Each structure stands twice: as structure tokens, then as C-alpha cells.
Amino acid sequence: MPELPEVYTITKDLKKYATGHVIKDIWIEPKYHIKSGNNKFIKLVLGKKILDVNRIAKNIILELESNIYIRIHLGMSGRILLRNRNEIKDRWTRCILLLKNTKNSYIELRFIDTRKFGRIEVLNKNNIEKLRNKYGIEPTGRNINYNEIYKKIHKKDTSIKTVLLDQKIIAGLGNIYATDALFLSGIHPNTSAKKLSVSEIEKIILCAGNVLKEAIKNKGSTLKDKAYVNIFGKEGRYQKHFKIYEQRTCPKCSKDTKVLRISGRRSWYCPHCQILK
DNA sequence: ATGTTTGTTCCGAT
DNA sequence: CATCGGAACAAACA
């Protein structure tokens, strides 16, 4: 579920609504395993104030006092919800941080994860630097050096669709936005990465940036399973703007689309507008 | 019962 | 040793 636009939306809202709160209590679902170890997590996090909330690729980073950071990755089915204390417990809640603000009122930050592909852990400043260095460029960023990206991609003996999902090369895209980006650039998802020119790669990354920006404006995508919602439970709207993802007909030429399976992921394309070279 | 799913990491093959 | 592809992770839903 959560790709860059969804994580961006959650991060921005948490920055506004969770910053300044103190973590007064921590509940962890029995038998649930926090990556750092549950006891270590509680020891380092309990009683600390949230100073800021930022994003690294698809990770949400809560910056606490004393150079302590909480990393949350939502995986496929993770959610973060801000709830009042008296609200009924959400199904599949794995961890709750009880937050108190300066006016002494309490809210709960609930980490919910149906499939348990998500991760929550505590990190220090050094870990954060390492995490940052793991990821490639973001397509919405400024001053992208397309020659540098070309050099990396040109060596890859795989499809461009697979490359776009590789966070070490380009950060933030997942299956939905990679699929739509390739459609907008007119490139077949199975195109060998080696065959792409610098200008084609530039085009793909620009299209990816545009798709991500449009998705951010629309607060992400909520699919049929309703897995993604924002921290107040509200759905995104980009699913109403899908270009080719889950579309039966091409929005450019109206011909029937096709679906491939690449790296185990569904990949829609238009056989007329995206010719395999 | 079977096949499907927005992400990432690990392992075996090459 | 580096790279690639697929399995695994886990649980709900159709």
C-alpha cells in the first residue's frame, strides 16, 4: 500500500499533530515483536518528547529528545491512526503510543498492521544517517543528475519496471506509481534497462515525479481493501486518477490494456502506446 | 480451497 | 564477489 505519497501525507499530518507531545505510555500487543526489542524500545522511548516528524524514502521518522528516533515502515498493510483514548480499539493494532500535549490532553498514536510486513524500531543519530544513505534519488527532488542515474541503470540486466521498484536507485516508487510513470513516459515495463538512453531515463524520472506530485495532491491512493487511510481515517483520492494501473482501457488511445507480472507485481500497460523495443 | 494483495529482505543460482 | 529472481514474511478477502 504505502508508497511515497501515502507516507508523505501521514508524515506531514503527524508533524502537525504529534510534534510537541510527550510519550507517556506504550502498549505493545502481546507476542508482537518490535525490531529493536520491546524492552529496549520502551526504555529509550518512554517519557520522551516528539520534537519533529520527517520522512526518509518510505520510512516515517519520529525525532525524539536525546537523539532518539522512532522509525516506522508501513510495509504492505500498515496504518498509523491518531485516536482519542476512549475510542474503540482498532483491529490489528500492534503498538500504541499514548501522547500528552502541553495542555495536558491525551491522544493515542496507534500503529496498525494487518499482515505484519511493517516495522517499528528505535534508532540513534548514526542509524539515521546510515538509513538515509541506503536510498537513491527521489523523483520529485531538484537538481537530479540524470547522467549519474543512467550510469547506474545502464548496468542493470533487468526490466525498467524492476529498476523503478529498487529503492537503492530511485526512492519512493512502488507498484502503482511505477506503473503509471511508465505509461506516461510511453515506455513498455519490460524494456531492458540497458537499452534506455539518458533522455529516456530522464523522461521516466520526470514522469515519475509528476505522478508522485499528483498523488501527493490527492493524498495518496486508497484501493478496494481500504488499507490506506490518513491518520484521521480519511481515504486518498489518487485512485480516481489512475492512468493505467487497474485500467481496462488506455486513457490515450482507448484500446484494451494488458497486464504482465514483473518481479511478482502486476504491471498494466497499453500495447499500442508502450511498444517494447 | 485457492489465488490475490500497495513492500522489503534473504537465499540460492548464476 | 556481484547480481538477479523468486520465496518468504502473514493475514484477510473474494
Side-chain angles (χ1 to χ4, degrees), chain A residues 1-11 29-35 55-60 71-80 90-95 111-121 123 130-131 133-136 138 151-183 189-194 208 211-212 214-216 218-230 235-247 259-268:
Chain A
M1 142 210 154
E3 306 179 34
L4 190 148
E6 292 77 20
V7 176
Y8 177 98
T9 304
I10 291 168
T11 301
E29 183 194 38
K31 288 186 284 181
Y32 187 73
H33 178 64
I34 287 182
K35 206 185 163 200
R55 180 181 66 77
I56 298 176
K58 298 177 191 169
N59 298 280
I60 298 156
R71 175 179 82 97
I72 302 174
H73 196 295
L74 299 173
M76 290 275 250
S77 57
R79 279 179 168 182
I80 292 174
D90 298 277
R91 209 175 164 194
W92 311 300
T93 299
R94 308 302 179 185
C95 180
F111 174 63
I112 294 145
D113 188 9
T114 314
R115 292 168 71 186
K116 295 190 195 169
F117 286 177
R119 287 285 174 275
I120 177 163
E121 67 175 333
L123 298 175
K130 279 187 186 155
L131 187 69
N133 292 334
K134 266 177 63 172
Y135 296 105
E138 296 214 351
K151 276 188 212 161
K152 280 192 195 176
I153 291 180
H154 192 63
K155 287 184 219 147
K156 289 276 178 191
D157 190 14
T158 187
S159 68
I160 182 59
K161 175 70 188 303
T162 302
V163 170
L164 291 183
L165 296 177
D166 185 346
Q167 304 297 302
K168 290 193 290 296
I169 297 174
I170 298 170
L173 294 171
N175 198 37
I176 293 173
Y177 303 113
T179 300
D180 271 4
L182 284 171
F183 171 72
N190 249 347
T191 307
S192 166
K194 285 176 168 171
V211 164
L212 292 175
E214 189 182 348
I216 286 168
N218 286 284
K219 309 285 170 87
S221 304
T222 301
L223 301 181
K224 285 188 285 289
D225 66 2
K226 312 283 184 208
Y228 166 73
V229 287
N230 76 1
E235 293 177 19
R237 298 187 312 270
Y238 184 76
Q239 68 279 5
K240 295 170 185 159
H241 301 255
F242 282 161
K243 311 303 172 200
I244 195 90
Y245 188 85
E246 289 189 332
Q247 302 305 298
V259 196
L260 285 169
R261 191 158 288 272
I262 302 171
S263 293
R265 322 302 296 279
R266 297 180 297 169
S267 214
W268 279 263

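Note that this is a predicted model, so its numbers are computed, not measured. Side chains are part of it too, since the values below use all heavy atoms of this structure and drop only hydrogens, waters and symmetry mates. Quick note on labels: first sequence line is chain A, next is B, and so on, each numbered from 1.
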*Asks:* Calculate the interatomic distance between A:Glu121 atom CD and B:dT8 atom C1'; express it in whole Å.
*Replies:* 13 Å

*Asks:* Please report the distance separating the P of C:dA10 from the corresponding atom of B:dC10, rounded so that it comes out in whole Å.
*Replies:* 14 Å

*Asks:* Heavy atoms from C-beta onward define the side chain here; which of C:dG5, C:dC4, B:dT9 lies closest to that of A:Asp157?
*Replies:* C:dC4

*Asks:* So, the side chain of A:Asn175 versus the backbone of A:Thr179: is there a donor-acceptor pair under 3.5 Å, distance only?
*Replies:* no

*Asks:* Please give, in whole Å, the distance from C:dC9 P to A:Lys35 NZ?
*Replies:* 17 Å

*Asks:* Does A:Gly264 reach a base, just sugar-phosphate, or nothing at all? Heavy atoms under 4.0 Å.
*Replies:* nothing

*Asks:* For A:Tyr135, give me all partners under ring-ring contact (aromatic ring centres under 6.0 Å, His included), at least two apart in sequence or on another chain.
*Replies:* none

*Asks:* Got a donor-acceptor contact below 3.5 angstrom from the A:Arg79 side chain to the A:Ile112 backbone?
*Replies:* no

*Asks:* Give the nucleotide from the list C:dA12, B:dT4, C:dA10 with an atom nearest to the side chain of A:Thr114.
*Replies:* C:dA12

*Asks:* May I have the distance from A:Trp268 (atom CH2) to B:dT4 (atom P), rounded to whole angstrom?
*Replies:* 12 Å

*Asks:* If you check the A:Lys156 side chain, which of B:dT8, C:dA11, C:dC4 turns out closest?
*Replies:* C:dC4

*Asks:* Classify the ring geometry between A:Phe242 and A:Tyr238 as parallel (under 30°), tilted (30 to 60°) or perpendicular (over 60°).
*Replies:* perpendicular

*Asks:* So, is A:Gln167 close to the B:dT8 phosphate, meaning a side-chain N or O under 4.0 Å from OP1 or OP2?
*Replies:* yes

*Asks:* Does A:Ile176 offer a backbone N or O that forms a donor-acceptor pair with the side chain of A:Glu3 under 3.5 Å?
*Replies:* yes

*Asks:* Would A:Phe117 pass as stacked on C:dC9, i.e. its ring centre under 5.5 Å from the base's six-membered ring centre and planes under 30° apart?
*Replies:* yes

*Asks:* Could you work out which one of C:dG5, C:dC9, C:dA11 sits closest to the side chain of A:Arg115?
*Replies:* C:dA11

*Asks:* What is the distance, rounded to the nearest whole Å, between atom CD of A:Glu6 and atom C1' of B:dT5?
*Replies:* 14 Å

*Asks:* Does B:dT8 have OP1 or OP2 sitting under 4.0 Å from an N or O in the side chain of A:His73?
*Replies:* yes

*Asks:* May I have the distance from A:Leu165 (atom CG) to C:dG6 (atom C1'), rounded to whole angstrom?
*Replies:* 14 Å

*Asks:* Return the nearest nucleotide to the side chain of A:Arg265; candidates are C:dA12, B:dT8, C:dG5.
*Replies:* B:dT8

*Asks:* Would you indicate what A:Lys134 reaches in the nucleic acid, counting non-hydrogen atoms under 4.0 angstrom: base, sugar-phosphate, or nothing?
*Replies:* sugar-phosphate

*Asks:* Could you tell me the separation between the NZ atom of A:Lys168 and the P atom of C:dC4, rounded to a whole number of Å?
*Replies:* 10 Å

*Asks:* Give a yes/no answer on whether the side chain of A:Ser263 brings an N or O atom under 4.0 Å of OP1 or OP2 in C:dG6.
*Replies:* no

*Asks:* Minimum heavy-atom separation for A:Leu173 to A:Gln167, with atom names?
*Replies:* O-NE2, 2.9 Å

*Asks:* Looking only at side-chain atoms of A:Lys58, point me to the closest of C:dA12, C:dA10, B:dG7.
*Replies:* B:dG7

*Asks:* Can you tell me if A:Arg266 touches the phosphate of B:dT4, counting only side-chain N or O atoms and a distance under 4.0 Å to OP1 or OP2?
*Replies:* no

*Asks:* Using the side-chain heavy atoms of A:Trp92, tell me which of these nucleotides is nearest: B:dG7, C:dA12, B:dT9.
*Replies:* C:dA12

*Asks:* Nearest-Å distance, NZ (A:Lys155) to C1' (C:dC1)?
*Replies:* 15 Å

*Asks:* Quick one: label A:Phe242 by what it contacts on the DNA or RNA (base, sugar-phosphate, nothing), any heavy atom closer than 4.0 Å.
*Replies:* nothing

*Asks:* In whole angstrom, give the distance that lies between atom NZ of A:Lys194 and atom P of C:dC4.
*Replies:* 8 Å

